[in-house]
Amino acid sequence: MSLTLALILAAQTTPAVPPQEDPAPPQAEGRLGTAQQGGGDVVVTARRRAETIQTVPIAMSVIGGIALAETGTYNVNRLTQIQPTLQFYSTNPRNSAANIRGLGAPFGLTNDGIEQGVGIYVDQVYYSRIASATFDFTDTERIEVLRGPQGTLYGKNTTAGAINIITRAPSFTPEARVELSAGNYDFFQGKASVSGPLVDDKVAVRLSTSITTRRGTIYNTRQQEWQNSQDNLSLRSQFLWHATPTLDLTLSGDYARQNPNCCVQYYARVGATQRPLDRQYPRLAAAQGYSVPSTNAFDRLTDVDTDLRAKQELGGLSLVANWDVGEATLTSVSAWRFWHWDPSNDRDFIGLPITTVSANPSQQSQVTQELRIASNGKRTLDYVLGAFYFWQSIDTQGLQVQGPAASAFLLNPASAGGRNPATLNGLTSRNTIGFTNTSAALFGKLTWHVDDRLSVAPGLRLNYDRKDGNYLSTVTNGAGSSTLTSDQRGVLSPQSYTPSFTNWNLSGDLTVAYEFNPNVHYYATYARSYKSGGINLSGLPLDAQSNPILATQTVRPEKVNHFELGLKTQFADRRATVNIAGFWTEISDYQATVNNLQVNVLRGYLANAGRVRTRGIEIDSAFRPTSRFNIYANGAFTDARYTRFTNAPCPPELSGGTALPVLNGQIVGTPAAAGTPGNSLPYCNISGQWLPGVSRWAFSYGAEYDLPATVGGVEGQFYLGYDGSYRSKFSSNPSRSAYTDIDGYSLSNLRAGFKAPGNFNAFAWVRNLFDHDYYEVLATQSGSTGLIVGQPGDPRTYGVTISKSF
């Protein structure tokens, strides 16, 4: 008997329980949430009960559904423009990472055998694939972004934070919503939902859909087509059943499909390495008589010669039961989800046939079951206690094929195969990868209200993880033979191994909160947390006999020590809000790519790299000087560094050399290891350098002014709104390089229109108003040739949006 079914049967024999004496205040769907709008009470469920955001001792931000629509924030990538401490990077949906305060996932590393540190939850269901964040938000009520470890409140461990997405619930009052947007680059987005009763006061339904299409922003001169397009479809249904006066059940189903002509990275610049000149990109390209269509990436031209595809499908079913037993509410969340990935990439990033096929189709299924009990109302001792089970299965079929230009770009001319095109042409690797992941946890959080002002909240989590995998890579040469030369093995190595990882750990936290007065709240938190260990599913370094080094097949859990102080305030008759958080987080056994010498070739693989530390201060502020004028400004200073990382991959400046240049005032690298081929650096000491992907300074800011007006007999207001963001320079390479630092940039978005609150909204918008050129990601070409490729951010876009509620 399932837990949810047991709840139904139990509730049918339980007498009705009167409602809580102190229900939460009504939800105010704010423009950008309390921390931005400067007044009102926004109710959140971050601690698995309804509370106002200002009373929750967690650093968090809330963005309402109206704000998501007006700012064009329809996925997590766009959410970063209004959330300074959130970072999201994606070269394609599978190769995506969401970080908070610089932590969460190793930058530039995709490995199914490890987990993300930022949890994605949709209506309480955990999404194990960060790829789900590349889809459009559909019929969303609000998004809560929680910063810092949340392992004693959420089923799946979240060591860096959580993105909690809450969709609109079914309504017993008939309603419908339509939102249509159109813009340049053939942009179209349509969203629609309908809700109402199926059985009066018993069963209600909500159906919603979202469609987004846009022409690509990058033109391929070889294939004569636009690339990096958008083509998204989302469908969602929810059925709410008041099974008894004390039991509600919500059955949800969703399906999403994304099939864009995507995703291309291409020539950004060339940086000199310490390799011989004939092994660097300028001479390699010249020897092939090749030149890119443009050396200015913001001409947005490419000539990659492999068809691009980033097709994915995901969906699932969930059943959420809430049973009010009077003193507490018992909640069951049962879910099944799938994710199917069908890609095609050009991994040499240029129009030469170096790597002609690079694809790793993957199919994932997951099952989750969470059971929680949470106290109702506010009493001397509040509590949330829960149990969680997670099972995941992933099957991947990898294929990589080298082309006739591979030998010239990837081999040393002095090697046996030299620059002979036949050496690598047709070299093919077929990888069969299987993975199962089982996780279970008991977790709980108690809040002791010592008196009306002081509360002490300890939390505890007992976690179990088991991961099992199998990796089989079969490599054949151009003639179809598995007998390979050392040159061929140096590029694609056959190997087989079956890694396994099992671990128990105990973690916890303690929060002390003090209410100075109803508008001023202090809190202090310490958390000892763990990010699960894992297994390597991207191939291992080999020993001298070409056998995988099995000692490298598993990675230990990350150990997290987190300290935080916070102040939440409202003043000026609650027209102003200023929230401040200071944090210091240290991680040992940090999971990252390290280097190892295998068969005279350096290989990067996943391992425990050492220690990192991130610390900083965050401010969320908002002001409402008048009823017609809103201002918000959010800022974050984040100092995120490797405190000890002595065997990191070297930056491209040091590729193939032994010199130790000074980078940003600091000597980079270690002395060359004896016996290293060409006496080159096997790895570098990057202790003290920045963590990749996080800016030291990040801001979001904006304002809106409106004037009352009546249009066509409809009372509303004209409004003008501005939203801006700034991020300072950040590293786009795991080992910081002058070639892959991304300069700081600011973006400005403008909107103007007319709205009748709760009924009608029509506005024109411009995003990236000043058409600023900036990169989202920079990366290096395989083979360490010195070519740097990039993914530019969107150019200026503009359009109109019309929404109507019925």
Side-chain angles (χ1 to χ4, degrees), residues 35 58-61 76-77 79-89 97-108 116-118 145-150 158-163 525 527 529 531 558 560-567 578-588 590 592 609-621 633-645 664 666 686-701 724-736 740-747 774-777:
I58 296 174
M60 63 182 297
S61 301
V76 171
N77 186 34
L79 190 61
T80 61
Q81 293 189 27
I82 53 178
Q83 291 295 295
T85 57
L86 176 65
Q87 301 91 36
F88 182 79
Y89 304 100
N99 286 355
I100 292 176
R101 297 170 172 172
L103 303 175
F107 186 90
Q116 59 201 44
V118 175
V145 180
L146 286 67
R147 310 192 286 267
Q150 308 297 328
T158 53
T159 57
I163 300 173
T525 296
S529 186
K531 179 183 172 185
E558 292 182 353
V560 182
N561 281 301
H562 173 77
F563 305 85
E564 185 163 333
L565 296 174
L567 170 65
V578 177
N579 295 340
I580 303 173
F583 62 93
W584 187 300
T585 306
E586 296 181 343
I587 298 179
S588 58
Y590 182 70
R611 295 179 180 272
V612 303
R613 183 260 297 139
T614 179
R615 59 187 176 185
I617 297 176
E618 302 160 346
I619 299 177
D620 300 297
S621 65
N634 306 322
F637 168 77
T638 308
D639 179 21
R641 297 179 181 272
Y642 300 106
T643 54
R644 182 170 58 83
F645 193 177
N664 300 302
Q666 184 178 19
I686 61 172
S687 302
Q689 289 189 19
W690 294 353
L691 284 182
V694 57
S695 298
R696 287 174 64 82
W697 296 98
F699 301 97
S700 65
Y701 38 84
S725 63
Y726 169 78
R727 292 183 182 272
S728 64
K729 178 185 290 189
F730 64 90
S731 168
S732 187
N733 196 61
S735 296
R736 190 180 177 197
T740 55
D741 271 358
I742 293 181
D743 291 335
Y745 59 88
S746 60
L747 300 175
Y774 68 100
Y775 290 106
E776 292 185 343
V777 174

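Note that this is a predicted model, so its numbers are computed, not measured.
- The closest donor-acceptor contact from the side chain of Gln87 to the backbone of Gly102 lies under 3.5 Å.
- Side-chain contact between Gln150 and Ile58 is present, with at least one heavy-atom pair separated by less than 4.5 Å.
- Going from atom OH of Tyr745 over to atom OG of Ser728 covers 10.0 Å, rounded to the nearest 0.5 Å.
- What you find for Glu564 and Ala581 is that their closest heavy atoms are OE2-CB, 4.0 Å.
- Considering every non-hydrogen atom in both Pro734 and Pro692, the closest pair reads CA-CG, 4.0 Å.
- Note that the CG atom of Leu103 and the NE2 atom of His562 stand 10.0 Å from one another [nearest 0.5 Å].
- Scanning all heavy atoms of the two residues, the minimum distance from Gln689 to Ser735 falls at OE1-C, 4.2 Å.
- Within the 4.5 Å cutoff, side-chain heavy atoms of Leu86 are placed close to those of Ile163.
- Looking at heavy atoms from C-beta onward, Asn634 lies out of side-chain contact with Ser61 at the 4.5 angstrom threshold.
- Put simply, CZ on Phe88 and CD1 on Ile100 are 12.5 Å apart, with the number rounded to the nearest 0.5 Å.
- Looking at Asn733, its side chain never comes within 3.5 Å of a backbone N or O of Asp741 through a donor-acceptor pair.
- For the salt bridge (charged side-chain N to carboxylate O under 4.0 Å, His left out) test, residues two or more places apart in sequence or in another chain that qualify with Asp639 are Arg613, Arg615, Arg641, Arg696.
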Determine, step by step, whether Ile742 and Phe730 satisfy the side-chain contact (heavy atoms from CB on, under 4.5 Å) criterion, reporting the C-alpha distance in whole Å, the side-chain angles of both residues, the deciding distance to 0.1 Å, and the verdict.
CA-CA 5 Å; Ile742 293 181; Phe730 64 90; 3.6 Å; yes
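- The minimum heavy-atom distance between Val118 and Ala98, with the atom names listed, is CG2-O, 3.3 Å.
- Between Thr614 and Val612, the closest side-chain pair of non-hydrogen atoms is not below 4.5 Å.
- Across all their heavy atoms, Ala59 and Glu618 have their closest contact at CB-OE1, 4.2 Å.
- For the pair Lys531/Ile587, no side-chain contact is recorded, criterion being any heavy-atom separation below 4.5 Å from C-beta on.
- The two residues Glu558 and Tyr590 come nearest to each other via the heavy atoms OE2-CD1, 3.5 Å.
- Relative to the six-membered ring of Phe583, Arg147 misses at least one condition, a distance below 6.0 Å or an angle of at most 45° to the axis.
- Atom CZ of Arg611 and atom OG of Ser687 lie 11.5 Å apart (nearest 0.5 Å).
- To the nearest 0.5 Å, atoms OH (Tyr701) and OH (Tyr726) are separated by 9.0 Å.
- Interatomic distance, CG of Leu691 versus CZ of Phe645, reported as 10.0 Å (0.5 Å rounding).
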